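All chains are named by letter (A, B, ...) in the order of the sequence lines, taking the proteins before the strands, and each is independently numbered beginning at 1. Predicted model, so just to flag it, every value in this text is computed and none were measured.
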Amino acid sequence: MLKNKNLLFVIVGPTGIGKTGLSIRLAKYFNSEIISSDSRQFYRELKIGTAAPSQNELNEVSHHLIGNISIFDYYNVHKFELDCLRILDGIFEKYGFAFLVGGSGLYVDALCNGIDDIPDVDADTRQRVLDRFNKEGIESLRFDLKKLDPEHYATIDLKNPKRIIRAVEVCLSTGKPFSTFHTGNQRKRPFEIVKIGLNQNRQELYSRIDARVELMIEQGLENEARQFYKHKNLNSLNTVGYKEMFEYFDGEISKEKAIELIKRNTRRYAKRQLAWFARDKSTRWFDINNQNEICEFIEGELRIRRR
RNA sequence: GGUGCCAUAGCUCAGUUGGUAGAGCAACGGACUGAAAAUCCGUGUGUCCCUGGUUCAAUUCCAGGUGGCACCA
């Protein structure tokens, strides 16, 4: 047990770097449990293409939020925040510290800093706004947003449909400007957070990514994707590894091309993750090959708090 | 060995009637408050093979060299 506050180790890094393997070793060695902050490993149907931990790996250490929902479910970052806090209570009670591991930056931040309370948008409004976007394009929604929330309009990325749609949705369903919900406040958490970033030489990372994609193909990614081909429009399936396979099934590209695109899109995803995680200056970065250093660092953090 | 063609970005190639160069793909940088593995924005990164010659000026023309390809021996 820790002396004062409980402690959360947050392990982040680009896809394919080896977060899963490392975190299992750490959780076993230090004796605690793992919560996943990977927005695609939540889906129980997606195993191969998301490189979810295997059954053997799951048996080694208790994992949370892996395969906890279906691709047909609606899930979001706020639900994630609540789920995490609930699960953490249990883990802290048993061990006093826990590991959060995953590459979805927005989700990690939602847990660490909190996210503003915004009422859910009802399905009708969401559909109406989407329909308008599809029929009239982004211009029309931009025009609306300018009237509904000039403050947000001034700062938002006006070329990004998702941002505009979301803002208009919230304005319409709540009757208040979207920006009024943004407090900019960091939530105070009843636990301490230590962030560990994993990185390595870019070329090595890319080799690992390529090898992992080849492995997914061997493991049967094509079959896994084919099972859900008829649901390809689900948001949960707008995911690297699946969307390229769907293009192949559509007859738009060859299988070889699909594999090549999965590799490329995974590389691009990894870069976006690195850009996101680089913003948080409190993150302590390690090379994935220096696992002893990481171990010693965690040991040290625990020792400080144990007396 | 001879003849011809080629040599320009990481790759495939375009181009400059002589004024130091540009496409596609790849790559790189960034943003991010409830669908985030999503979505969006930005960036040419170059001894134009080497050495000489002609010229105010050579990646471009000429000569030689090197490397590659093709054909003939």
- request: Report which part of the nucleic acid A:Ser236 touches: base, sugar-phosphate, or nothing (heavy-atom distance under 4.0 Å, all strands).
  value: nothing
- request: Take atom OH of A:Tyr269 and atom P of B:C28, then tell me their distance rounded to the nearest Å.
  value: 16 Å
- request: Identify the two heavy atoms, one from A:Leu274 and one from A:Arg202, that lie closest to each other, and give their separation to 0.1 Å.
  value: CD1-NH2, 3.9 Å
- request: Have a look at A:Asp116 and say if it touches a base, only the backbone sugar-phosphate, or nothing, with a 4.0 Å heavy-atom cut-off.
  value: base
message: By the 4.0 Å heavy-atom rule, please label A:Tyr206 as base, sugar-phosphate, or nothing.
response: sugar-phosphate
Chi-based syn or anti call at B:G34, which uses purine or pyrimidine torsion atoms and a 90° bound: syn
- request: Rounded off to whole Å, could you give me the CD-to-C1' distance for the A:Gln203 and B:G10 pair?
  value: 10 Å
- request: Grab the CG-C1' distance between A:Asp38 and B:A36 for me, whole Å please.
  value: 11 Å
message: Using the side-chain heavy atoms of A:Arg272, tell me which of these nucleotides is nearest: B:C28, B:C40, B:U33.
response: B:C40
field: A:Val77 side-chain proximity, nearest of B:G34, B:A31, B:A35
entry: B:G34
query: What's the CZ-C1' distance between A:Arg163 and B:U39, to the nearest Å?
result: 6 Å
message: Does anything in residues 133-160 of chain A come within less than 4.0 Å of RNA chain B? Heavy atoms only, and list the residues if so.
response: A:Asp157, A:Lys159, A:Asn160
message: Any base atoms under 4.0 Å from A:Phe178, or only sugar-phosphate, or nothing? Heavy atoms, all strands.
response: sugar-phosphate
message: Heavy atoms only, 4.0 Å cut-off, all strands: where does A:Asn265 land among base, sugar-phosphate and nothing?
response: nothing
task: May I ask you to check whether A:Phe92 and A:Phe191 place their ring centers less than 6.0 Å from one another?
output: yes
Check against side-chain contact (heavy atoms from CB on, under 4.5 Å), A:Ile71 and A:Phe228: CA-CA 9 Å; A:Ile71 55 172; A:Phe228 308 113; 3.6 Å; yes
message: What's the gap between B:G15 and B:U20 when it is taken at their C1' atoms, as a whole Å value?
response: 13 Å
message: Looking at the base of B:A38, is there any donor atom on it, or on the side chain of A:Arg166, that sits under 3.5 Å from an acceptor on the other one?
response: no
task: To the nearest Å, give me how far apart CD1 (A:Ile69) and C1' (B:A36) are.
output: 13 Å
- prompt: Salt bridge or not for A:Lys263 and A:Glu260, using N-O below 4.0 Å?
  reply: no
- prompt: For A:Tyr242, which contact category applies under a 4.0 Å heavy-atom criterion: base, sugar-phosphate, or nothing?
  reply: nothing
field: Selected nucleotide, minimal atom distance to A:Arg264 side chain, candidates B:U33, B:A27, B:A31
entry: B:A27
message: Starting the side chain at C-beta, find the nucleotide from B:A36, B:A27, B:G34 nearest to A:Asp120.
response: B:G34
task: Classify the nucleic acid contact of A:Phe80 as base, sugar-phosphate or nothing, counting any heavy atom under 4.0 Å across all strands shown.
output: nothing
query: Do the side-chain N and O atoms of A:Gln273 and A:Tyr269 include a donor-acceptor pair separated by under 3.5 angstrom?
result: yes
- request: Indicate whether any N or O donor in one side chain lies under 3.5 Å from an N or O acceptor in the other, for A:Asp73 and A:Tyr43.
  value: no
Nucleotide-level pairing of RNA chain B, given in dot-bracket where Watson-Crick and G-U pairs need both distances under 3.5 Å and | marks other strands: (((((((..((((.....[..)))).(((((.......))))).....(((((..]....)))))))))))).
task: Taking all non-hydrogen atoms of both residues into account, name the closest pair between A:Tyr242 and A:Lys47 and its distance.
output: OH-N, 3.9 Å
message: Please tell me whether A:Ser179 and A:Asp149 have a donor and an acceptor in their side chains that are separated by less than 3.5 angstrom.
response: yes
- request: Check whether the side chains of A:Thr183 and A:Asp116 place a donor and an acceptor atom closer than 3.5 Å, and report yes or no.
  value: yes
- request: For A:Arg126 and for A:Lys162, locate the closest nucleotide of RNA chain B by heavy-atom distance; then report the residue assigned to the nucleotide nearer the 5' terminus.
  value: A:Arg126
- request: Report which part of the nucleic acid A:Ile209 touches: base, sugar-phosphate, or nothing (heavy-atom distance under 4.0 Å, all strands).
  value: nothing
- request: Would you mind telling me which of B:C40, B:A38, B:A31 lies closest to the side-chain atoms of A:Ala275?
  value: B:A31
query: What orientation do A:Phe97 and A:Phe9 show, parallel under 30°, tilted 30 to 60°, or perpendicular over 60°?
result: perpendicular
task: Please state how far atom CG in A:Leu106 lies from atom C1' in B:U39, giving the value in whole angstrom units.
output: 12 Å
query: From B:U33, B:A35, B:C40, pick the nucleotide closest to the side chain of A:Pro161?
result: B:C40
- prompt: Aromatic rings A:Phe30 and A:Phe99: how do their planes relate, parallel, tilted or perpendicular, breaks at 30° and 60°?
  reply: tilted
task: Using atom CG of A:Asn233 as one end and atom C1' of B:A38 as the other, report the distance to the nearest whole Å.
output: 15 Å
query: When all nucleic acid strands are considered with a 4.0 Å heavy-atom cut-off, which category describes A:Lys243: base, sugar-phosphate, or nothing?
result: sugar-phosphate
- prompt: Among the nucleotides B:A35, B:A38, B:G34, which one has an atom lying closest to any side-chain atom of A:Tyr107?
  reply: B:A35
- request: Give one of base, sugar-phosphate or nothing for A:Asp117, where a contact means two heavy atoms less than 4.0 Å apart.
  value: base
- prompt: Given atom CH2 of A:Trp276 and atom P of B:A38, what is their separation to the nearest angstrom?
  reply: 13 Å
- prompt: Between B:C11 and B:U55, how far is it from one C1' atom to the other, in whole Å?
  reply: 36 Å
- prompt: Would you say the side chains of A:Glu33 and A:His63 form a donor-acceptor pair under 3.5 Å?
  reply: no
query: A:Gly241 near the nucleic acid: base, sugar-phosphate alone, or nothing, with a heavy-atom cut-off under 4.0 Å?
result: nothing
message: Suppose you measure atom P in B:U12 against the same atom in B:U47; what distance do you get, rounded to whole Å?
response: 16 Å
- prompt: Which residue lies toward the 5' end of RNA chain B, A:Thr239 or A:Arg202, if each is placed at its nearest nucleotide?
  reply: A:Arg202
- request: May I ask you to say what A:Gly49 touches in the nucleic acid, namely base, sugar-phosphate or nothing, with a heavy-atom cut-off under 4.0 Å?
  value: base
